[in-house]
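The next block holds one structure in the form of structure tokens; read it before the comments.
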Amino acid sequence: MLGRPAGDAAGRLLRHRRPLRDLPHGAARVRRLPGGDRARARPLPPVPRHHEGADGEREGRRRPRGRARGHQGARRGGGAADARGGRRHQRPLRPPRRRRAHPARPGAARRPPRRPAELRRRRAPAGRAVRRPRLGGRGRPPGRGALPPRRHPLASRSPADRIRPHPEGPPVPPTPRVRFAPAPSGWLHVGSVRTALFNWLHARGNDGVAIFRIEDTDASRATAASMDAMHDAMAWLGLDWDEGVRAGGAYGPYRQSERKDLHRAVARRLEETGVLYRDERTAEELEAWRNERRAADLPPIVKRSTTPPPAGDDRTATLRLQLPDEGTTTISDLVRGDVTWDWAHESDPVLVRSNGDVTYPLANSVDDVAQGVTLVCRGEDLLSVTPRQVFLYDLLTRDGLIDDALAEVGLPAREPDWTVPSGFAHLSMIVGMDRKKLSKRHGSVSIQEFARKGFLPETIVNYLALLGWGPEDGRERLDRDELVAAFSFDRVSRSAAAFDTDKLTAFNGERIRDLDGTELAHRLVPYLDGTYPPSNETTEDDAPDGEGGPVADWEPLVSTPPTDEELAILRGLVPLVQERMQRLDEVQRYAPAFFVDELALDQASVDKVLGKPGAADVLRAAHRELADLDAWTTEAIEGALRPLSEELGIGFGKVAQPVRVAVTGSQVSPPLFESVELMPRGRVLARIEAAIPVAEAAGSGD
RNA sequence: GCUCCCGUCGUCCAGCGGCCUAGGACGCCGCCCUCUCAAGGCGGUAACGAGGGUUCAAAUCCCUUCGGGAGUACCA
């Protein structure tokens with residue numbers, strides 16, 4: 001704990017007081033000036049086709065009114081914190097502003113004006129600290145002691161450079177730019193998809209730009225296949241990206257491995273400014289050193305002061321970034337509030353490996369700054385890496401270092417109103433129902449797997465949005481547009497969320513029921529034509545239908561593409577199955593009877609139903625009645641079968657079940673009369689006829 | 001170990017000092033409907049981790065404690 005004294009009452013009151021020189025480092029307090037630069041209404045990138053969205057002008061947003069959840073009340077944080085809160089409250093309302101709408105944006109015209117979520121946090125009564133107060137005293141000039149000698153990040157420019165008033169009114173903040181930056185080492189799983197989704201929602205809901213960057217610093221791990229799979233998954237989910245490997249964009253390249261020149265140029269410039277130092281120890285030596293330190297009860301924190309000075313020029317060495325030795329840094333996290341670290345506990349990160357490659361901390365920060373990212377939304381596992389990134393942001397933008405580097409390597413220049421990422425949102429982890437890390441058992445397979453299992457992309461998006469977030473009005477079923485309109489980081493939960501396949505499945509069932517019949521028919525085709533064959537590797541956890549059973553010799557039921565005749569049958573089948581399906585792949589259980597001639601009877605059903613006394617009589621009677629029918633309609637069929645109950649002196653259930661097994665092959669099926677109607681009469685009669693000896697055999701067996 | 005994060009029904013979300021004998025959803029249980037299975041309708045079950053404090057009043061604020069998670073790499 002940061003200097004937490006023994007918890008006596010007196011100590012409590014003073015607990016967070018620190019000497020002024022320990023105040024947060026300047027780099028961490030980079031923060032958009034009130035009413036920063038005006039965003040320019042640039043045309044946004046090309047439109048993906050799958051959103052024939054409402055085109056139209058969008059209204060500008062109002063100034064944020066809320067204060068950050070992490071805001072510290074005056075009672076603890078001292079005057080500086082209070083001043084900051086006050087500033088937020090005093091921001092002027094901005095008049096509506098016209099700008100070009102993103103044509104691809106769904107619901108653009110309908111959405112009410114919103115304030116940018118970077119600046120929006122849970123509202124709190126004035127004067128009350130909503131979150132546990134952290135170290136106070138923010139907002140004063142940067143401390144000394146740490147090197148290099150530094151100025152305030154904005155000090156080298158005149159205020160006029162930073163605040164450019166709108167000719168017709170108050171300034172507006174820059175366009176939000178968010179990025180989803182996965183490593184391409186595998187396929188997308190639900191955790192990364194949720195991160196992507198939240199980024200996307202924030203961009204779409206705030207007139208922002210969504211960037212999809214591949215973070216393949218270690219290029220060997222990026223396969224074309226996995227990159228393709230990720231893009232396909234995004235397309236399937238309906239998350240379109242304005243800039244990225246596939247979408248293109250003005251600030252590429254969007255594969256990190258293609259930006260190596262930039263990273264190296266930046267590293268060289270950083271080295272020239274003296275903020276980097278050589279560490280000649282090998283990984284083994286470092287490991288040994290750490291063990292020593294631990295043994296001596298000293299923290300294994302790498303600092304320049306504890307690093308042996310470079311011996312020879314020829315030795316290979318890593319380049320580390322010298323972080324401050326003391327003081328603290330605080331970031332404002334949109335979901336976590338203010339988080340403070342003590343520099344004394346932060347190891348100097350390696351920015352350049354001994355082989356000359358740059359590391360993630362450098363590449364990530366450089367690209368975020370170079371691409372004008374305004375909000376970094378990512379997994380909680382990256383929270384602890386934030387201080388050094390924030391520190392780097394300052395260095396990168398000081399005296400135009402990054403701009404010079406970009407120019408040097410011929411990459412697109414940054415926009416004049418770009419500063420550095422000013423907001424963070426660290427999303428909690430998604431865990432399994434057992435609170436353990438998500439694994440295959442929990443359904444944490446690739447997102448494509450969910451498609452195969454019959455989940456609708458809309459369901460995934462809806463459910464994932466609700467994992468760790470909920471709209472103010474408590475709605476649970478929201479479509480993409482509604483999510484965009486309602487989403488904001490200030491309602492994102494801080495605690496880990498468990499992935500509940502049951503709830504996802506229930507959501508999916510509801511959505512299936514909502515689908516238009518023709519639409520559903522088309523969506524079912526992939527489960528019938530062999531695109532998504534039935535799965536038989538069902539685990540205990542995620543196999544809702546225990547009776548489905550493995551399907552070894554499954555064969556496609558329709559051709560690719562389906563014939564008109566097949567489509568007609570499917571279209572007729574849809575109303576019968578729509579309200580009893582939770583997942584699209586369940587159609588595979590119902591469909592065979594309607595598509596094949598040779599029907600294999602389910603043995604359990606035969607035993608249980610056809611084996612009952614009188615079953616054969618029922619079948620004979622049913623055959624007789626159906627054969628005599630004039631019209632082959634549901635009503636006629638019902639009129640033929642229902643009276644059998646009275647004729648034979650048994651309940652109708654006893655009549656229906658044998659016929660059901662004979663005609664559909666199973667004791668579980670869509671409604672009987674409708675099912676019979678959907679099949680040709682000849683086939684129905686033949687099946688009943690064929691079942692009679694089976695029933696006789698089963699009935700005499702015991 | 002150290003640093004940081006988190007802690008309301010089994011699960012997700014609500015709750016922002018009195019509207020909380022804690023609300024909604026999924027699950028589960030029961031009933032209704034019913035030709036099977038579903039769907040649908042109705043009802044029920046079930047939580048503020050613990051202990052102190054502040055307050056007329058605490059799930060909400062403070063402290064401690066316990067529990068969980070992440071990080072602690074020349075991975076990202």
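In what follows, chains are A, B, ... by sequence order, proteins preceding strands, each numbered from 1.
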Checking all strands, does [X] fall into the base, sugar-phosphate, or nothing category for heavy-atom contacts under 4.0 angstrom?
{"X": "A:G509", "answer": "nothing"}
{"X": "A:P361", "answer": "nothing"}
{"X": "A:V385", "answer": "base"}

What integer distance in Å separates [X]:[atom1] from [N]:[atom2]?
{"X": "A:E215", "N": "B:A76", "atom1": "CD", "atom2": "P", "answer": "9 Å"}
{"X": "A:L576", "N": "B:C35", "atom1": "CG", "atom2": "C1'", "answer": "14 Å"}
{"X": "A:M433", "N": "B:C9", "atom1": "CE", "atom2": "C1'", "answer": "12 Å"}
{"X": "A:F507", "N": "B:G24", "atom1": "CZ", "atom2": "P", "answer": "16 Å"}
{"X": "A:R477", "N": "B:G24", "atom1": "CZ", "atom2": "P", "answer": "18 Å"}
{"X": "A:K303", "N": "B:U3", "atom1": "NZ", "atom2": "C1'", "answer": "12 Å"}
{"X": "A:E476", "N": "B:C13", "atom1": "CD", "atom2": "P", "answer": "10 Å"}
{"X": "A:E380", "N": "B:G71", "atom1": "CD", "atom2": "P", "answer": "10 Å"}

Side chains of [X] and [Y]: closer than 4.5 Å at any heavy-atom pair?
{"X": "A:L286", "Y": "A:E284", "value": "no"}
{"X": "A:R583", "Y": "A:T505", "value": "yes"}
{"X": "A:R336", "Y": "A:E380", "value": "yes"}
{"X": "A:E285", "Y": "A:E280", "value": "no"}

- request: Please name all residues satisfying salt bridge (charged side-chain N to carboxylate O under 4.0 Å, His left out) with A:E638, sequence neighbours left out, ordered by chain then number.
  value: A:R642

From A:S192 atom OG to A:L427 atom CG, the distance as rounded to the nearest 0.5 Å: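 Between atom OG of A:S192 and atom CG of A:L427 there are 11.5 Å.
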
- prompt: Can A:R477 and A:D514 be counted as an ion pair, charged N to O under 4.0 angstrom?
  reply: yes

Could you please name the option among [options] that lies closest to any side-chain atom of [X]?
{"X": "A:W341", "options": "B:C37, B:C35, B:C4", "result": "B:C4"}
{"X": "A:S384", "options": "B:A76, B:C35, B:G71", "result": "B:G71"}
{"X": "A:Y360", "options": "B:C4, B:A76, B:C35", "result": "B:A76"}
{"X": "A:E674", "options": "B:G71, B:C35, B:C26", "result": "B:C35"}
{"X": "A:D502", "options": "B:G27, B:C12, B:C35", "result": "B:G27"}
{"X": "A:R494", "options": "B:C4, B:C35, B:G7", "result": "B:G7"}
{"X": "A:K503", "options": "B:U36, B:G24, B:A70", "result": "B:G24"}
{"X": "A:R388", "options": "B:A76, B:U36, B:G10", "result": "B:A76"}

Integer angstrom distance from the [atom1] of [N] to that of [M]:
{"N": "B:C48", "M": "B:U36", "atom1": "P", "result": "41 Å"}
{"N": "B:G67", "M": "B:U54", "atom1": "P", "result": "27 Å"}
{"N": "B:C9", "M": "B:G24", "atom1": "C1'", "result": "12 Å"}

Row check, A:F507 ring normal vs A:R511 NZ/CZ: under 6.0 Å, within 45°: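 Checked: cation-pi criterion not met.
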
Extract from the structure each pairing of a protein N or O with an N or O of nucleotides 39-42 of chain B at less than 3.5 Å, listing the distance.
unit_1 : atom_1 : unit_2 : atom_2 : d
B:A39  : O4'    : A:E579 : O      : 2.9
B:A39  : O3'    : A:R513 : NH1    : 3.1
B:G40  : OP1    : A:R513 : NH1    : 3.3

Taking N or O atoms only and anything under 3.5 Å, show me the protein contacts with nucleotides 72-74 of chain B, one pair per line.
unit_1 : atom_1 : unit_2 : atom_2 : d
B:A73  : OP2    : A:R290 : NE     : 3.3
B:C74  : O2     : A:S354 : N      : 2.9
B:C74  : O2     : A:S354 : OG     : 2.9
B:C74  : N3     : A:S354 : OG     : 2.6
B:C74  : N4     : A:R281 : O      : 3.0

- request: Name the pairing partner of B:C33, where a pair is Watson-Crick or G-U wobble with both distances under 3.5 Å, or state none.
  value: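 Because no pair has both required distances under 3.5 Å, B:C33 counts as unpaired.
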
message: Checking A:Q603 against A:D607 for the side-chain hydrogen bond (donor to acceptor under 3.5 Å, both in side chains) test, could you report, in this order, the C-alpha distance in whole Å, the side-chain angles of both residues, the deciding distance, and whether it holds?
response: CA-CA 6 Å; A:Q603 192 53 48; A:D607 294 344; 2.9 Å; yes

query: What do you reckon, are the aromatic ring centroids of A:Y254 and A:F212 less than 6.0 Å apart?
result: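 A:Y254 vs A:F212: aromatic centres not under 6.0 Å.
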
field: Within the 6.0 Å centroid threshold, strictly below: A:F489 and A:W469
entry: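 Here the rings of A:W469 and A:F489 have centres that are no less than 6.0 Å from each other.
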
message: I want to confirm an ordering. Mapping A:A496 and A:D297 to their closest nucleotides on RNA chain B, which one lands closer to the 5' end?
response: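 Nearest nucleotide further toward 5': that of A:D297.
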
